[in-house]
Amino acid sequence: VVGTKDGRVSILPNGSKIWFRSFDEYSKAKGKEADFMFFNEANDIEFLVVKRLLAGLKIQAIFDYNPTARFWRHTEPMFANAPELITTFRDNIFLPDELRRDYENDILIAQSPTSTPLQRWWADVFCNGINNNSGGLCFEHATEITVAEYDANPTTEVFGTDWGSELATADPDVVIGCKFDFEKKEVQLKEYYYRNDGTNSDIARVFDDKDGRSVVFETATAGEHRMLNIRKLAGVRLNIYPAQKGAGSVMAQIRELQGWKIGIVGDNFMTEARTYAFGFDGTMITPIDKNNHCFDAMRYVYNYLKTKQIITKIY
């Protein structure tokens, strides 16, 4: 194995080369070519990296992953007809007998009437190779609607934000519009801004024509300072309110909103709807803190509208 500036390469006796590469951002994956590609622990790789690499694929790609939760393999149309080969510990001829007995015992424990959700999840995923989403998508009933449908809804619009940071990060800055109807338990949502390479000035342009509107903003990552600066840059009157958080609030609000009819406008928002899922954090079933930026902004607005009589307005 030889190290190079473009990764490590193993040169076989027949002249074939096996490249070992990793990418911390999708732009670095551009222009790579190979006859075969193997993606290890594929569910931990960003889809844009995969998409860029597949553009240089000549023959076949193989993806390896443990089925702990849904990810792009289950949601992106390009993988809809991809064949699957399910292997378990029983297929590993090199596995020590002691570990083999441990896995068999884990399966027996999961089959017991007194088994916990965690024990059943562990057996499904790591012993039997079964997809187990620990409750599935957080908002699997969300559907896509048109801009015209959203605009025609007379319900008062309240804006929600979720911040990445003022510098480019893995997490985007998000601004969404929300129209909640508490009597009908219906909400329509519109993606206005979803970027991780923009500035406060870019976000301010969302509010250029939103004079007098209300915004519930994320308080983390200097959220109040950013929101005040954005309002100043927009040059309009915005009523701004800090998001209210508390222990257990994420799960509680998701459970409440699962009973609502949810309509969404926006490609990134819909991508989140197809990937924001429950999983195990090691001790309990909980929403995975990933692909949830628009939905976090939605929850902030939802909680504000439920409790706005005790929320402090920032002038």
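Just so you know, these numbers use all the heavy atoms, side chains as well, and skip hydrogens, waters and symmetry mates. As the structure is a prediction and not an experimental result, all values here were calculated from the model.
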What's the separation between atom CZ in R226 and atom OG1 in T199, rounded to the nearest 0.5 Å? 8.5 Å

So does R299 pair up with E256, basic N to acidic O under 4.0 Å? no

Residues F36, I62; criterion side-chain contact (heavy atoms from CB on, under 4.5 Å); working and verdict: CA-CA 8 Å; F36 296 89; I62 300 171; 5.8 Å; no

So does I45 get a backbone contact from the side chain of W72, meaning a donor-acceptor N/O pair under 3.5 Å? yes

Any donor and acceptor pair, going by atom type alone, linking the side chain of E140 with main-chain N or O of L137 inside 3.5 Å? no

Is it true that a side-chain atom of D35 and a backbone atom of K58 form a donor plus acceptor pair closer than 3.5 Å? no

Just by distance, do the side chain of T307 and the backbone of N303 share a donor-acceptor pair under 3.5 Å? yes

Going by distance alone, is a donor N or O of one side chain under 3.5 Å from an acceptor N or O of the other, for E218 and Y300? yes

Does K179 make a cation-pi contact with Y150, if we ask for NZ or CZ under 6.0 Å from the ring centre and within 45° of the axis? yes

Any side-chain to backbone donor/acceptor pair from D162 onto C294? Under 3.5 Å, distance only. no

Between R205 and D208, is there a side-chain N and carboxylate O pair less than 4.0 Å apart? no

Would you please classify the geometry between the F180 ring and the Y302 ring as parallel, tilted or perpendicular, with 30° and 60° separating the classes? tilted

Would F269 and F295 count as a close aromatic pair, with their ring centres under 6.0 Å? yes

One thing to verify: whether E104 and R90 come together as a salt bridge, which I'm taking to mean a side-chain N less than 4.0 angstrom from a carboxylate O. yes

Within 45° of the ring axis of F278 and under 6.0 Å from its six-membered ring centre, is that where the NZ or CZ of R255 lies? yes

Would you please indicate if the ring centroids of F182 and W260 are separated by under 6.0 Å? yes

Look at the side chain of E191 and the backbone N and O of N268, then say whether any donor-acceptor pair between them is shorter than 3.5 Å. yes

For F89, does its backbone N or O pair with a side-chain atom of N92 as donor and acceptor, under 3.5 Å? no

Look only at the side chain of N291 and the backbone of T271, and say whether a donor-acceptor pair between them is shorter than 3.5 Å. no

